[in-house]
Amino acid sequence: MRTPTVKEILRSISAGETRARDWVEHSLRAIREVDGRLKAFLLVDEEQALAAADRIDRAKMYQNAPLRGVPYAAKDNIVTRGVRTTAASRILENYIPPYNATVIDKLQQAAAVMVGKTNMDEFAMGSSTETSAFQKTANPYGEDRVPGGSSGGSAAAVAAGLVPFALGSDTGGSIRQPAAFTGCFGMKPTYGRVSRYGLIAFASSLDQIGPFTRTAEDAALVLNAICGHDPLDSTSSRQPVPNFADGIDRGVKGVRVGIVRHLPEEGLEPGVKAAVHRAIQQLEAEGAEIVEIELPHMEYAVATYYLIAPAEASSNLARYDGVRYGRRAEASSLLEMYERSRSEGFGMEVKRRIIIGTYALSSGYYDAYYKRAQQMRTLIRQDYERAFEACDVIVMPTAPTTAFKLGEKLDNPLQMYLNDIYTIPANLAGLPGASVPCGFADGLPVGLQLIGRPFDEATILRVAHAYEQVRDFAWPKPVLGVAE
Amino acid sequence: MKITDETVSHVAKLARLWLHPQELSQLVPQLNDILEYAAKLQSVSLDGVEPTSHPFHEVNVVRSDVPRESLSREEALRNAPDQDQGMVRVPAVLEGGGGA
């Protein structure tokens, strides 16, 4: 059976051909079959998922629910009541949240069924999912390749056909880059579009939850369920939420697609460049107007991000002190308990970022590092404001490379950080961004990134959908997974 | 400007992290690489540019102070590593070299 989309599952259930239970069983079977090698999941709760599916199949109240019976997976930094949530960190190894994140409640109301929690870089800090304290996730298109990160488990689960959609979080590219590396559609909505209540905080001014799916249209269906203002997150936006599926098939005639003049191309692989170039030509052939734009401060984005994000992280992660929840080390004094609990509980990448952040915020260095980064953030934001006067959506590669080998960049943090060059600016500017599969290079997926105006996810989805209808590259079957 | 073992140890202490000597010797060159890269920002003129701390213009959000249901004490304590009589218990604050 060809791997179904969210849309197809919904159609089949509402036509009475299948039930929620069939799809949840299908998902659980695929996980049992594949995940021993893929290692996308940190936790699978078969019993709860089947019980939820049965409830949905029985109760009339779910009949018109927008995601009725659709199985999904959630990144393990999204808290789930009664279901262990670790952020892939030893410090939260046994944490059982007493509450749900708002997105989990919303998906429950939409009658989607969570089957499990996915692997990630510890506290979402990483670009390969290798900093997880528990396991390394493989790329479905190459067992020796990373799935990208930090939401690598969610990306791999969707790409391998284990679930039709999954939630991730994106602070500097953590949805878009793994989507590109594994050949799925991934979207980071505008900052504030989706409530962050219950998302374990990494960098609060950058974090945003979003979906992994097989198509742009499926992403629209998930966004319809999870977007909107939440009184429990004061940074969530009151902007009206459109129906993202409406008008998604209007095509790209007259849409102004911006390409970046002087895009930083250091480390950009020729196969990636060629696939992206071809996708742009196809958009043009469909009637999009290609315009050149400038993003003059893009070359400073990585430096800016790797000061701001660790600064915010060092403050957010101060809460892990071994007192109220999480790991506590044996110690004879309170101070020793703090230091030991944190040192045993956090992995190297998390420690590295806490130290960079604390340093950048400490007296004597604040002006030289943190403040300058915040000023550069202003210039980067203004670059985009100016660019969007001339175009409606900006396209570029999602990542400079295809999926690299497991272990390849783990000992060189700066090299790992540079892989985020194209995804970071959208977070700094708060803009929506997506990655849509646009080809393969040496057997590995390539992603085309689309960046839109604040709260204009609709244009991104419309352009991505139009592109999906005309893309014509050969799509190999993943070596790990049940996807076809 | 190179950062030294002493600086990193000091910053680790501020962050309440204890570093193994091996971790320290691994971290110092990596942090120097990263900060050297971040020094890109020193070469740009940023005089008079307003810093951005949040992507969009935001004002403080307040709600009316109405009591509502919250977690029960039992639920709130369920994840506590150690507890006593309905409260979280911690090691002594002032004994054994604490506060140094």
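Scope of the values below: all heavy atoms of this structure, side chains included, with no hydrogens, waters or symmetry mates. Each chain gets a letter, A, B and so on, in the order its sequence line appears, and its residues count up from 1.
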Next item on the list: Specify whether B:H54 and A:Y191 have parallel, tilted or perpendicular ring planes, treating 30° as the upper limit for parallel and 60° as the lower limit for perpendicular.
Entry: perpendicular

Margin query: Between B:V11 and chain A, with a heavy-atom cut-off of 4.5 Å, which part of the residue counts as in contact: side chain, backbone, both or neither?
Written below: both

Note to self: Using heavy-atom distances under 4.5 Å, tell me whether A:T304 contacts chain B through its side chain, its backbone, both, or neither.
What the structure shows: both

Check: What distance separates B:L35 CG from A:Y365 OH, expressed to the nearest 0.5 Å?
Finding: 10.0 Å

Checklist line | Engaged part of B:V62 at the chain A interface, taking heavy atoms whose separation is under 4.5 Å | finding: neither

Next item on the list: Enter the distance from A:Y325:OH to B:L77:CG here, rounded to the nearest 0.5 Å.
Entry: 13.5 Å

Checklist line | Under 4.5 Å from any heavy atom of chain A - which part of B:N60 | finding: neither

Item checked: A:A373 versus chain B, the contacting section by heavy-atom distance below 4.5 Å -> both

Notebook entry, point to check: Which heavy-atom pair separates B:L19 from A:K351 by the least distance, and what is that distance?
Noted result: CD2-CD, 4.2 Å

Item checked: Heavy-atom closest pair, residues A:R377 and B:S53 -> NH1-O, 3.7 Å

Item checked: Heavy-atom contacts under 4.5 Å, residues 228-236 of chain A to chain B -> A:L232, A:S234, A:T235

Notebook entry, point to check: Given that the side chain runs from C-beta out, which part of B:V88 has a heavy atom under 4.5 Å from chain A: side chain, backbone, both or neither?
Noted result: side chain

Next item on the list: Answer whether the closest heavy-atom distance between the side chains of A:E339 and B:K13 falls below 4.5 Å.
Entry: yes

Next item on the list: Pick whichever of A:I380, A:V323, A:I354, A:D411 has the most heavy-atom pairs under 4.5 Å with chain B.
Entry: A:V323

Notebook entry, point to check: For the atom pair OG1 (B:T7) and CD1 (A:I355), what is the distance rounded to the nearest 0.5 Å?
Noted result: 11.5 Å

Checklist line | Interatomic spacing from CD1 in B:I34 to CZ in A:R353 - rounded to 0.5 Å | finding: 8.5 Å

Check: Looking at B:P81 and A:G322, what are the two nearest heavy atoms and their distance?
Finding: CG-O, 3.5 Å

Check: Under 3.5 Å, is there a donor-acceptor pair between the side chain of A:Q375 and the main chain of B:P51?
Finding: no

Margin query: Counting only non-hydrogen atoms closer than 4.5 Å, does A:Q382 touch chain B with its backbone (N, CA, C, O), its side chain (CB onward), both, or neither?
Written below: neither

Next item on the list: Please say whether more than 12 non-hydrogen atoms of neighbouring residues, nucleotides or ligands are located less than 6.0 Å from CZ in A:R328.
Entry: yes

Note to self: So for A:P413, is it side chain, backbone, both, or neither that comes closer than 4.5 Å to the heavy atoms of chain B?
What the structure shows: side chain

Checklist line | Heavy-atom proximity to chain A below 4.5 Å, by part of B:Q42 | finding: both

Check: How long is the span from the CH2 atom in B:W18 to the CD atom in A:E336, to the nearest 0.5 Å?
Finding: 10.5 Å

Check: Given a strict heavy-atom distance threshold of 4.5 Å, which part of A:S314 is in contact with chain B: side chain, backbone, both, or neither?
Finding: neither

Check: Highest number of heavy-atom pairs under 4.5 Å with chain B: which of A:P97, A:S343, A:S237?
Finding: A:S343

Note to self: Between A:R372 and B:A39 (side chain of the first, backbone of the second, donor and acceptor by atom type, cut-off under 3.5 Å), is there such a pair?
What the structure shows: no

Next item on the list: Identify which part of A:F346 has an atom lying under 4.5 Å from any heavy atom of chain B, answering side chain, backbone, both or neither.
Entry: side chain

Notebook entry, point to check: In terms of heavy-atom proximity below 4.5 Å to chain B, should A:N94 be classed as side chain, backbone, both, or neither?
Noted result: backbone

Checklist line | Heavy-atom contact with chain B under 4.5 Å, split by part of A:Y370 | finding: neither

Next item on the list: Can you tell which part of B:Q83 gets under 4.5 Å to a heavy atom of chain A, answering side chain, backbone, both or neither?
Entry: neither

Note to self: Tell me which of these, A:V302, A:L428, A:D321, A:N412, has more heavy-atom pairs under 4.5 Å with chain B than the rest.
What the structure shows: A:V302

Margin query: Which atoms of A:M376 are under 4.5 Å from chain B, going by heavy atoms: the side chain, the backbone, both sets, or neither?
Written below: both

Check: Can you name the nearest heavy-atom pair linking A:A303 to B:Y37, along with the distance?
Finding: N-CE2, 3.7 Å

Margin query: So for B:L71, is it side chain, backbone, both, or neither that comes closer than 4.5 Å to the heavy atoms of chain A?
Written below: side chain

Check: If you take all heavy atoms of B:P55 and A:R381, which pair is closest and at what distance?
Finding: O-CD, 3.5 Å

Margin query: Distance check, rounded to the nearest 0.5 Å: B:R16 atom CZ versus A:L317 atom CG?
Written below: 15.5 Å

Margin query: Taking side chain as everything from C-beta outward and backbone as N, CA, C, O, which of these in B:L31 sits under 4.5 Å from a heavy atom of chain A? Side chain, backbone, both or neither.
Written below: side chain

Checklist line | B:N79 (side chain) donor-acceptor with A:I96 (main chain) under 3.5 angstrom | finding: yes

Notebook entry, point to check: Nearest heavy-atom pair of B:K40 and A:Y300: which atoms, and what distance?
Noted result: O-CE2, 3.7 Å

Next item on the list: May I ask you to decide if B:T52's main-chain N or O and A:T378's side chain share a donor-acceptor pair within less than 3.5 Å?
Entry: yes

